[in-house]
Number of protein chains: 2
Amino acid sequence: MTDDDPRRAAYRLYADQLREAIRGGTYAPGSKLPTDAELAAELGTNRGTVGQALRVLEAEGLVSKSRRGTFVSAIVNKIYRDSTSRYNRSKRETGQARGAFAAELRALGMTPKNTTAVNRAAPPRWVAEILGVAPENVSTVARARHMLADDVPVQLATSYFPLDIAEGTRLEELDTGPGGSKSRLAELGHAQATVTEEIDVRSPSQEEAEALGMAEDQRVYQITHTARTKDGRAVEVAVHVMPTHLWRLAYTWDLSPEH
Amino acid sequence: MTDDDPRRAAYRLYADQLREAIRGGTYAPGSKLPTDAELAAELGTNRGTVGQALRVLEAEGLVSKSRRGTFVSAIVNKIYRDSTSRYNRSKRETGQARGAFAAELRALGMTPKNTTAVNRAAPPRWVAEILGVAPENVSTVARARHMLADDVPVQLATSYFPLDIAEGTRLEELDTGPGGSKSRLAELGHAQATVTEEIDVRSPSQEEAEALGMAEDQRVYQITHTARTKDGRAVEVAVHVMPTHLWRLAYTWDLSPEH
DNA sequence: GAGTGGTCTAGACCACAGA
DNA sequence: CTGTGGTCTAGACCACTCG
């Protein structure tokens with residue numbers, strides 16, 4: 001049964017076998033796989049070919065390899081991110097939105113944690129373009145967050161606010177207070193009216209891969225979240241970077257009246 | 001022999017170099033790269049290492065390898081899919097929605113094309129669950145589309161409708177008529193009120209990879225588009241599969257009143 | 001120091017596309 | 001028939017981790 005399709009490379013067949021074994025529970029989440037050499041012996045091939053097979057599974061996020069050995073990924077269920085309800089005003093005002101990430105994680109039985117760093121910075125050129133600020137200058141307040149689940153990094157998110165709006169406001173403090181940055185913007189006369197999220201999938205940069213503890217062969221979502229006032233001015237751009245194998249995204253909307 | 005970072009593997013450095021060369025225009029879109037052996041000689045390494053480097057670029061969708069040689073990808077700009085405006089009722093009624101895909105492609109100077117096949121089928125188990133139909137039976141009408149851009153396949157989309165709704169209606173014909181399937185459902189008393197799209201990224205199956213002309217190391221979006229009536233009944237599930245390196249997704253919504 | 005995966009090299013054979 | 005990338009094998013050295 002191992003020799004169905006002669007077109008299919010051996011390492012892909014081994015990858016299929018190992019994937020099945022993992023899904024089937026032969027190797028539990030978090031457990032250590034046999035060494036490449038042992039697997040090679042079991043499967044009747046050599047270390048290089050097994051390494052190739054395991055690299056396929058690593059790219060899928062199913063295993064992670066290190067000098068200590070190969071391990072089955074501990075996180076099995078993807079984290080669910082529902083953007084539309086996340087930014088729902090009623091939830092925000094009752095303080096639920098603030099814990100959207102936390103609630104999603106607790107639903108999976110995981111412990112959320114995150115760190116925030118605030119500073120003034122020159123945004124990436126393409127973000128500057130959206131915000132309509134000078135790309136070379138220190139023209140924004142940047143709030144950079146690292147989000148962890150069970151102490152595993154799962155998302156990097158940086159929000160940029162135009163400096164002329166955010167300068168000297170609570171948006172520069174670590175804790176933006178009840179309702180979060182969106183409530184603060186509203187108080188400053190820049191209430192957000194519409195939101196756009198653009199989704200891309202790409203390879204992580206070397207730095208991102210390191211910060212997220214992922215292999216460079218894996219992929220990240222890059223979500224560009226742009227909030228605009230009623231006049232159409234962009235007052236916040238948030239860039240979310242997260243491994244694709246850890247997240248599922250969702251959007252909901254009505255088809256009712258004009259929409 | 002650029003020996004900047006001893007941590008970074010040679011094949012990644014070569015991949016970086018070649019990526020730069022392609023982005024910089026040294027190799028034009030659609031053109032053929034030197035053979036692996038030639039590149040190996042130029043770079044002072046061997047065929048295997050060059051192959052590894054090019055595999056990285058192939059996984060990113062930047063080049064495609066075949067028995068005929070390695071070619072720079074012809075499609076440079078990603079196709080833009082704005083789901084919220086795509087399913088906007090006013091556009092749909094004026095017939096614009098029908099051409100959403102076509103319009104997006106023409107904006108990029110590409111020629112759209114697509115084929116449709118309709119049949120009654122048993123849906124995947126998880127689709128059956130959403131629709132609330134029997135998973136083992138032929139319980140749906142399935143409309144399978146292949147979408148091409150400049151004769152290159154760029155998306156596979158299959159819509160499932162419960163058989164008890166769609167049986168014997170225009171939903172079983174190749175041309176669903178003005179306004180498309182959504183208008184037909186409305187006429188049948190099953191007007192769609194809300195839509196949810198769930199986004200996953202995964203490896204393509206062997207069949208999908210072949211149908212989409214992509215490498216198995218590349219990734220696809222899987223978008224599960226569920227439309228429900230006001231009562232909450234799911235009346236359509238559409239599954240879209242498309243290579244991540246060819247598409248950018250977008251969603252827009254208002255933060256107004258209750259939303 | 002032993003064990004592990006990472007990488008590179010070298011060479012061989014294969015299947016397929018094109019002249 | 002020839003050239004191409006695909007793959008497999010075998011062996012070597014490396015860097016890192018852990019006991």
Side-chain angles (χ1 to χ4, degrees), chain A residues 2-18 27 31-60 62-73 206 209-210 213-218, chain B residues 1-18 27 31-73 206 209-210 213-218:
Chain A
T2 51
D3 242 335
D4 277 79
D5 183 357
R7 319 269 171 184
R8 196 157 177 81
Y11 76 87
R12 292 209 183 272
L13 289 173
Y14 295 138
D16 293 344
Q17 282 181 39
L18 291 166
Y27 304 108
S31 68
K32 183 177 176 306
L33 256 60
T35 67
D36 287 14
E38 286 167 349
L39 284 173
E42 283 179 32
L43 297 167
T45 181
N46 64 12
R47 193 158 74 86
T49 302
V50 167
Q52 240 180 323
L54 287 175
R55 170 159 302 195
V56 170
L57 300 189
E58 185 187 38
E60 294 173 4
L62 212 57
V63 306
S64 67
K65 312 188 76 178
S66 77
R67 305 277 174 185
R68 306 198 323 281
T70 307
F71 295 83
V72 181
S73 294
Q206 225 180 318
E210 193 175 355
M214 60 189 294
E216 289 193 50
D217 295 321
Q218 299 175 340
Chain B
M1 187 63 84
T2 51
D3 241 334
D4 280 77
D5 182 359
R7 320 272 172 184
R8 198 158 176 80
Y11 75 88
R12 294 213 183 267
L13 289 172
Y14 296 139
D16 293 344
Q17 281 182 39
L18 291 166
Y27 304 108
S31 67
K32 183 178 176 304
L33 256 59
T35 67
D36 287 12
E38 285 166 349
L39 284 174
E42 284 179 31
L43 298 168
T45 182
N46 64 11
R47 194 158 74 84
T49 302
V50 167
Q52 238 179 325
L54 288 174
R55 170 162 301 195
V56 171
L57 300 188
E58 185 185 38
E60 294 174 4
L62 211 57
V63 306
S64 68
K65 311 187 78 177
S66 76
R67 304 279 175 184
R68 306 197 323 284
T70 307
F71 294 83
V72 182
S73 293
Q206 225 180 319
E210 193 175 358
M214 62 191 292
E216 288 193 51
D217 296 320
Q218 298 174 340

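Just so it is clear: chains get the letters A, B, ... in the order the sequence lines come, proteins before strands, and each one is counted from 1.
Contact annotation: side chain of B:Arg47 to base of D:dG6, donor-acceptor pair present below 3.5 Å.
Note: CG (A:Leu54) to P (C:dG5) measures 8 Å, nearest angstrom. Rounded to an integer number of Å, the gap from CD of B:Glu58 to C1' of D:dG6 is 11 Å. In this structure, the NZ atom of A:Lys65 is 18 Å from the P atom of D:dC16, given to the nearest Å. When rounded to the nearest whole Å, the span between CG of B:Leu33 and P of D:dG3 equals 20 Å. What separates OH of B:Tyr14 from P of C:dT9 is a distance of 7 Å, to the nearest Å. Following rounding to the nearest Å, B:Arg68 (CZ) and C:dG18 (C1') show an atom-to-atom distance of 10 Å. Rounded to whole Å, the distance from CG on B:Asp36 to P on C:dT9 is 14 Å.
Considering only heavy atoms from C-beta on, A:Arg8 comes within 4.5 Å of B:Gln206 through its side chain.
To the nearest 0.5 angstrom, A:Ser64 atom OG is 11.5 Å from A:Leu57 atom CG.
Between B:Gly51 and A:Thr45, the residue anchored closer to the 5' end of DNA chain D is B:Gly51, taking for each the nucleotide with the nearest heavy atom.
Of the listed nucleotides (D:dT4, D:dT17, C:dG5), C:dG5 has the atom at the smallest distance from the side chain of A:Arg67. Listed candidates were C:dC8, D:dA10, C:dG5. Nearest to the side chain of A:Thr35 is C:dG5. Nearest to the side-chain atoms of A:Thr49 among the listed nucleotides C:dC8, C:dG18, D:dT9 stands D:dT9. In this structure, of C:dT7, D:dT4, D:dT9, it is C:dT7 that holds the atom nearest to the side chain of B:Ala9.
Residues A:Pro34 and A:Tyr27 come closest through the heavy atom pair CD-CE2, 3.7 Å. Closest non-hydrogen pair, B:Ala40 versus B:Arg47, comes out as CB-N, 3.8 Å.
When the side-chain nitrogen and oxygen atoms of A:Thr70 are compared with OP1 and OP2 of C:dG5, one or more of them lie within a distance under 4.0 Å.
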